[in-house]
S.K.: 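To start, I am sharing the structure in question, which I have written as structure tokens.
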Amino acid sequence: MIAEEIILDLEPALAHLRDANATLSPALLATFSNLKKTDLAAFAKTWLTLPAERKSRVARLFAELAEENARLDFTPIFRHVLNDPDARVRVAAIEGLWEDQDPALAKILIGFLRNDPEAAVRASAAESLGRFVLLGEYDRITSTLA
């Protein structure tokens with residue numbers, strides 16, 4: 001019952017995402033900060049229905065909002081959209097994960113660097129991997145990963 005209530009609270013924000021004619025509202029998009037798994041599932045279902053241009057604008061705005069307000073955390077969303085078909089979304093997701101120091105993310109970024117067909121995604125992945133190099137210098141990650 002509680003999970004249903006949480007998803008219902010997300011409904012205005014999800015409806016806003018679906019409304020291709022609506023100008024994106026930072027206040028409504030902030031609703032997606034710190035999503036739990038059940039909420040992420042509702043977001044993911046809506047995400048699949050969005051046109052590429054809308055996805056790109058939303059992903060970019062999530063990254064901007066997180067940069068402007070340290071309390072906003074869209075990490076679950078950025079992780080989810082890393083494999084979006086649109087390169088602009090992948091780039092925004094990589095950029096949005098700029099604080100994420102999870103070694104598993106480094107491996108994903110290396111995969112992008114080696115295999116992504118889009119130069120912009122490869123460049124963003126390479127830039128993002130810089131923090132892991134620094135973490136390696138400070139012995140904060142395994143020497144194998146560094």
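What you see is a predicted model; the values in this text were computed from it and never measured.
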S.K.: Answer yes when R131 and E99 have at least one side-chain N-carboxylate O distance shorter than 4.0 Å, and no when they do not.
M.R.: no
S.K.: Over all heavy atoms of both residues, which pair between R18 and T49 is shortest? Give the atoms and the distance, please.
M.R.: CG-OG1, 4.3 Å
S.K.: Would you mind checking if R57 and E64 are paired as a salt bridge, meaning a charged N to carboxylate O distance below 4.0 Å?
M.R.: no
S.K.: Which distance, rounded to the nearest 0.5 Å, do you find between the CG of N34 and the OG1 of T75?
M.R.: 8.0 Å
S.K.: Does anything in residues 84-106 pair up under ring pair (Phe, Tyr, Trp, His ring centres under 6.0 Å), and if so which pairs, sequence neighbours excluded?
M.R.: none
S.K.: I need the L129 CG to L135 CG distance, nearest 0.5 Å.
M.R.: 11.0 Å
S.K.: Just wondering, more than 12 heavy atoms not from E53 lying within 6.0 Å of its CD?
M.R.: yes
S.K.: Keeping the roles fixed (side chain from R90, backbone from V81), state whether a donor-acceptor pair exists under 3.5 Å.
M.R.: no
S.K.: Pick from F74, W47, F43, F78: which one makes a ring pair (Phe, Tyr, Trp, His ring centres under 6.0 Å) with F32?
M.R.: F43
S.K.: Is there side-chain contact between L105 and L109, with at least one heavy-atom pair below 4.5 Å?
M.R.: yes
S.K.: To the nearest 0.5 Å, what is the distance between OG (S128) and CG (L113)?
M.R.: 10.5 Å
S.K.: With a 4.5 Å cut-off on side-chain heavy atoms, are L24 and R54 touching?
M.R.: yes
S.K.: For R79, which residues count as a side-chain hydrogen bond (donor to acceptor under 3.5 Å, both in side chains) partner, sequence neighbours excluded?
M.R.: D100, D102
S.K.: Quick one: are E95 and S124 in side-chain contact, heavy atoms under 4.5 Å?
M.R.: yes
S.K.: Provide the closest heavy-atom pair for L35 versus P76 in the form atom of the first, atom of the second, distance.
M.R.: O-CG, 3.8 Å
S.K.: So which atom in L40 and which in H80 form the shortest heavy-atom distance, rounded to 0.1 Å?
M.R.: CD1-CB, 4.3 Å
S.K.: Would you say H16's side chain and S25's backbone share a donor-acceptor pair under 3.5 angstrom?
M.R.: yes
S.K.: Are L10 and L28 connected in the hydrophobic side-chain network, where two residues link if heavy atoms are under 4.5 Å apart?
M.R.: no
S.K.: Ignoring hydrogens, what is the shortest heavy-atom contact between G96 and A63? Give both atom names and the distance.
M.R.: CA-CB, 4.2 Å
S.K.: Which pair of heavy atoms, one from F112 and one from I94, lies closest together, and at what distance?
M.R.: CD1-CD1, 4.0 Å
S.K.: Rounded to the nearest 0.5 Å, what's the gap from CG on L14 to CG on D19? Could you check?
M.R.: 12.5 Å
S.K.: Got a second to check how far S33's OG is from N69's CG, nearest 0.5 Å?
M.R.: 8.0 Å
S.K.: Atom CG in L65, atom CG in D73: separation rounded to 0.5 Å?
M.R.: 12.5 Å
S.K.: So V91 and R88, do their side chains get closer than 4.5 Å, heavy atoms only?
M.R.: no
